[in-house]
There are 2 protein chains.
Amino acid sequence: MSARRKFRREGEERRRQDLIDATLDSVAEHGLEGATLRTIALRAGVTAGLIRHYFPGKEDLLQEAYATLMGRMTEQAKAALAMEDASPRQRLAAFVTANLDAPIIDQRVFSLWATFIGRAGADPTLARAHREGYLGFRNEVEAVVAEVLAAERRKPDAAELRHHAIAINAIIDGLWIEGCLAGEMFSPGELAAIGIKAVEAELGLGPLELKGGNQ
Amino acid sequence: MSARRKFRREGEERRRQDLIDATLDSVAEHGLEGATLRTIALRAGVTAGLIRHYFPGKEDLLQEAYATLMGRMTEQAKAALAMEDASPRQRLAAFVTANLDAPIIDQRVFSLWATFIGRAGADPTLARAHREGYLGFRNEVEAVVAEVLAAERRKPDAAELRHHAIAINAIIDGLWIEGCLAGEMFSPGELAAIGIKAVEAELGLGPLELKGGNQ
DNA sequence: AGGCTATTTATACACTTGCACAACAACGCC
DNA sequence: GGCGTTGTTGTGCAAGTGTATAAATAGCCT
């Protein structure tokens, strides 16, 4: 009667990934407090003991899960800047749009981000991870801004450029939060439109078509 | 030898407030997971059992703590708009500044906000509380924006006004986050300056002194 | 097919958690 | 001053936590 549970041996990489995904799901659903080893294991379809086989402790699992999350977020965000054959201004607009539409606007990802970042004040490791991700993101923004202004024959100094990047970063972040927390209050594409207009206003860019502007 | 601990009977309101403050401190420092009844009680200078005397359960305590936090945040934020004898534009600038300088820019408050808001996706009560706070805030912004534009003889329609409010809200939120998470990267007043410039750009306001502007 | 090994399960354990309850003592009232 | 009320403490408990470790078995190699 000792019916021991059947199981399959998955590859190491696969199991680690499954466990990390199960961890992120658990955290998103029940918060850090509710993400217990047993909950995570249940979600991953294994028993709790197995986790210790792949991770030294719970803390390590959480850390790797957060790193994975950040990696996915920044990867998706930067991908929008990759368009080769487009004007700087178009690329900037595409970047803003990419950050303010699905799948970046996502309540689950936001919950994860907020839950983890809430501990940045107490956890220096987390704080540094965020700092690096943030600076990387801002540098990308700054680079595109430089290109956009160069195309307009404007020569901003370093401080000006930095301020623009900070402001644009804030616009994107702020709208991202609004969209994640109250997505149904905005029609599709509305946030992106607001974002593009705000960013172009920040950079002092006039409307694209100079003639025929009624209003 | 049964040296029972000495104690004082505090007023009910005082005790509740102390417990709530101790709860917020605990959450800010150790996250929701680390905020146990015993930790909270220790911080409040009482024993754990007492909490049950004032709150039906831990969940209720956390809920009240969150409500208190939100109340303080919005109260401080709105207070900046109260200036009576000032031009709309000055009041808007003061509002932005108030939200981007101490004591609103504060890592502890941010940690609390993030920790709680991270559960908004799973907790409808929290989600609604946030929604109301957010809309209240945005309506305030919208009202000032309307005044500012009116003073400039501009007559925006409702949609335009709404978009401005959303964008300005995003700018403030985004800069607030940047400041809380990496405050030492910005010189004092820098975020506020960036914010004001960004907001005025969003509204299409020219520089205040039209003549003599030597860059 | 049969054995080896490392993945996986299952159980145990010390500890913490939220909650319940009885004993106690601080303070207001007479 | 004594007394009753009730705010407060201390202890207990069942459930759940992370971790440790022994037992089992799936899948590969020959």
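Throughout, protein chains are lettered first and strands after them, A, B, ... in sequence-line order, and every chain is numbered starting at 1.
In this structure, B:I51 atom CD1 and D:dT8 atom P are separated by 12 Å, rounded to whole Å. Remark: C1' of D:dA24 and NZ of A:K6 are 11 Å apart, rounded to the nearest angstrom. Note: CG (A:L19) to C1' (C:dT8) measures 12 Å, nearest angstrom. B:K58 places its NZ atom 15 Å from the P atom of D:dG16, with the value rounded to the nearest Å. Protein atom CZ of A:R15 is 10 Å distant from nucleotide atom P of D:dG27, rounded to whole Å. Atom CZ of B:R5 and atom C1' of D:dT11 are 15 Å apart (whole Å). Here the P atom of nucleotide C:dA6 and the CZ atom of A:F7 are 15 Å apart, to the nearest Å. Summarising the geometry, the separation between CG on A:D60 and C1' on D:dG18 is reported as 13 Å, rounded to the nearest angstrom.
Among pairs with a residue in residues 48-102 of chain B, those fulfilling ring-ring contact (aromatic ring centres under 6.0 Å, His included) read B:Y66-B:F116, B:F95-B:F137, at least two apart in sequence or across chains. Note on residues 7-40 of chain A: no pairs pass ring-ring contact (aromatic ring centres under 6.0 Å, His included), not counting sequence neighbours.
Closest approach of A:M70 to A:A129, counting heavy atoms only: CE-O, 4.3 Å.
Atom CH2 of B:W176 is separated from atom CG of B:D106 by 9.0 Å, given to the nearest 0.5 angstrom.
Under the rule for a side chain to side chain contact (heavy atoms under 4.5 Å, CB included), the partners of A:D18 that lie at least two apart in sequence or sit in another chain are A:R14. Remark: B:A44 pairs with B:L19, B:A22, B:V46 by the side chain to side chain contact (heavy atoms under 4.5 Å, CB included) rule, at least two apart or across chains.
For D:dT8, neither phosphate oxygen OP1 nor OP2 lies less than 4.0 angstrom from any side-chain nitrogen or oxygen of B:H53. For the OP1/OP2 pair of D:dT8 and a distance below 4.0 Å, the side-chain nitrogens and oxygens of B:Y54 include at least one atom meeting the criterion.
For A:K197, the NZ atom sits in a loose shell: 12 or fewer heavy atoms of surrounding residues, nucleotides or ligands are nearer than 6.0 Å.
Across residues 27-47 of chain A, A:T36, A:L37, A:R38 each have a non-hydrogen atom less than 4.0 Å from an atom of DNA chain D (numbered order).
A salt bridge is absent between A:R43 and A:D21; no separation between the charged side-chain nitrogens and carboxylate oxygens falls under 4.0 Å. With respect to B:E59 and B:R119, a salt bridge is recorded, a charged nitrogen being found less than 4.0 Å from a carboxylate O.
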Please enumerate all protein N or O atoms sitting under 3.5 Å from an N or O of nucleotides 20-22 of chain C, with distances to 0.1 Å.
{"from": "C:dA20", "atom 1": "OP2", "to": "B:R52", "atom 2": "NE", "distance (Å)": "3.1"}
{"from": "C:dA20", "atom 1": "OP2", "to": "B:R52", "atom 2": "NH1", "distance (Å)": "2.5"}
{"from": "C:dA20", "atom 1": "OP2", "to": "B:R52", "atom 2": "NH2", "distance (Å)": "2.1"}

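Taking the side chain of B:L50 as heavy atoms from C-beta on, and the options C:dT8, C:dG18, D:dT8, the nearest nucleotide is D:dT8.
Residue B:E12 is out of contact with every strand shown, counting any heavy-atom pair closer than 4.0 Å.
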